[in-house]
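Inspection log for the structure reproduced underneath, given as structure tokens.
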Amino acid sequence: MLSAPEPPFLYGTAWKEDRTAGLTELALRAGFRGIDTANQRKHYFEAGAGEGLAAAYRAGIVKRGDLFLQTKFTYQRGQDHRLPYDPAARVSLQVAQSLASSLEHLGADYVDSFVLHGPASGSGWTAADSEVWEAMREQRDAGRARLLGVSNVSLDHLEEMKASGAELPGFVQNRCFARLGWDREVRLFCNAHNIVYQGFSLLTANSGLLEHPPFVNLATEFNATPAQVVFAFARAVGILPLTGTSDAEHMRQDLASLQIRIPDEIVTALESVAG
Ligand SMILES: NC(=O)c1ccc[n+]([C@@H]2O[C@H](COP(=O)([O-])OP(=O)(O)OC[C@H]3O[C@@H](n4cnc5c(N)ncnc54)[C@H](OP(=O)(O)O)[C@@H]3O)[C@@H](O)[C@H]2O)c1
């Protein structure tokens, strides 16, 4: 298995339906090397992401080994009728069926990261989660995923997962609200346990903040947009950001934000700007 480099930005493919293939290819042409998807037809068209990858391979833009591909297993309650597994099967078998289907969609032998889309319960790490996690570990050990992750988790989920003796994830992917200190509690847990924190909805969950003077002033100072400052700030505090932009200019701007260096004292101030 080739080891893909850890990308500095992930391109998210949710909610793009028929535009998924074209936008995935466009994102690769723009320079994104991390692609986030899920085998959840309700919100993602994973086969479309695979078509975009195939087009980029054919055009010679990237090779599989240049990429970081991430997909997710989603419990039935997060799906519509278009299930990627047999709902009557045990969840451990559903995990295997879901990943096999993802690999087919993506035209890949393995994914770089396989993520539990969300725990079974809003509070606590349940027996079902333990069974799913064990099945995900088996898929990883069989070479079908390099790393594992969990998404939409609270600190309680992570602490209970740890207390259960489970292997901890390589990634946490969460919605990142500035008013919660940019998910401070979960990020602290991640830092302490060598887990890479992936943040989504950095713009949409914090839209009011983009007009907040510190972001507007910094943007002016760096000749950047407030959105670019948010992404640069995220990187500075160790967040691996996701963007799902459908706009070529925003793709360019989002990647260009990687060049912005915000001074440490300002990063500290921005970290508590809203919580
Ligand atoms: N694990 C989960 O449960 C979960 C949940 C939600 C999302 N995700 C993942 O995260 C990805 C990103 O989702 P998201 O919730 O962060 O929202 P998003 O789909 O990235 O939407 C971001 C919004 O910000 C705008 N935008 C992006 N770059 C911009 C820029 N430079 N300047 C101004 N506006 C900009 C976009 O508009 P334009 O299109 O016009 O640029 C869009 O309206 C998804 O595709 C998915 O892969 C995961």
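Remember, it's 1-based here, ligands and their atoms both numbered in the order they're listed.
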Applying the side chain to side chain contact (heavy atoms under 4.5 Å, CB included) criterion to Gln253, which one of Thr243, Thr225, Asp247 satisfies it? Thr225

Once you restrict to heavy atoms under 4.0 Å, what part of [X] touches ligand 1? Side chain, backbone, both or neither.
X      : value
Thr37  : neither
Ser151 : side chain
Thr245 : both
Ser201 : both

Ligand 1 atoms in contact with [X] (distance to a heavy atom under 4.0 Å):
X      : result
Gly12  : 11 (C), 44 (C), 45 (O), 47 (O)
Asp247 : 41 (O)
Gln173 : 1 (N), 2 (C), 4 (C), 48 (C)
Asp254 : 27 (C), 28 (N), 29 (C), 30 (C), 31 (N)
Asn152 : 1 (N), 2 (C), 3 (O)
Ala14  : 44 (C), 45 (O), 46 (C)
His117 : 1 (N), 2 (C), 3 (O)
Gln253 : 31 (N)

Applying a strict 4.0 Å limit to heavy atoms, is Thr225 in contact with ligand 1?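 Outside the 4.0 Å threshold, so no.
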
I'd like to know if Trp15 contacts ligand 1, where contact means a heavy-atom distance under 4.0 Å to any ligand atom.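 It does; at least one heavy atom falls under 4.0 Å.
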
Going by the ring-ring contact (aromatic ring centres under 6.0 Å, His included) test, which pairs reach into residues 199-225, not counting sequence neighbours?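 Qualifying pairs, neighbours excluded: none.
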
Atom 33 (C) of ligand 1 protein-contacted (non-hydrogen atom, under 4.0 angstrom): yes

Any nitrogen or oxygen of Asp36, main chain or side chain, under 3.5 Å from a nitrogen or oxygen of ligand 1?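 For ligand 1, there is an N or O atom that lies under 3.5 Å from one belonging to Asp36.
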
Regarding Tyr75 and Asp129, do their side chains bring together a donor and an acceptor under 3.5 Å, going by distance alone? yes

When you compare the side chains of Asp36 and Gln198, does any donor N or O come within less than 3.5 Å of an acceptor on the partner?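 On atom types as modelled, these side chains do not qualify, holding no pair under 3.5 Å.
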
Identify, with sequence neighbours excluded, every residue that meets salt bridge (charged side-chain N to carboxylate O under 4.0 Å, His left out) alongside Arg261. none

Assign the ring pair [X] / [Y] to parallel, tilted or perpendicular, where the plane angle (0 to 90°) is split at 30° and 60°.
X      : Y      : answer
Phe189 : His193 : parallel
Phe171 : Phe68  : perpendicular
Trp182 : Phe233 : tilted

Between Arg29 and Glu25, is there a side-chain heavy-atom distance shorter than 4.5 Å?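 Sidechains of Arg29 and Glu25: in contact.
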
Should the pair Asp112-Arg146 be classified as a salt bridge under the 4.0 Å nitrogen-to-oxygen rule?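 Yes, charged N to carboxylate O under 4.0 Å.
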
For atom 46 (C) of ligand 1, state which one of Phe231, Phe200, Tyr44 supplies the nearest heavy atom.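 Comparing heavy atoms across Phe231, Phe200, Tyr44, the nearest one to atom 46 (C) of ligand 1 lies in Tyr44.
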
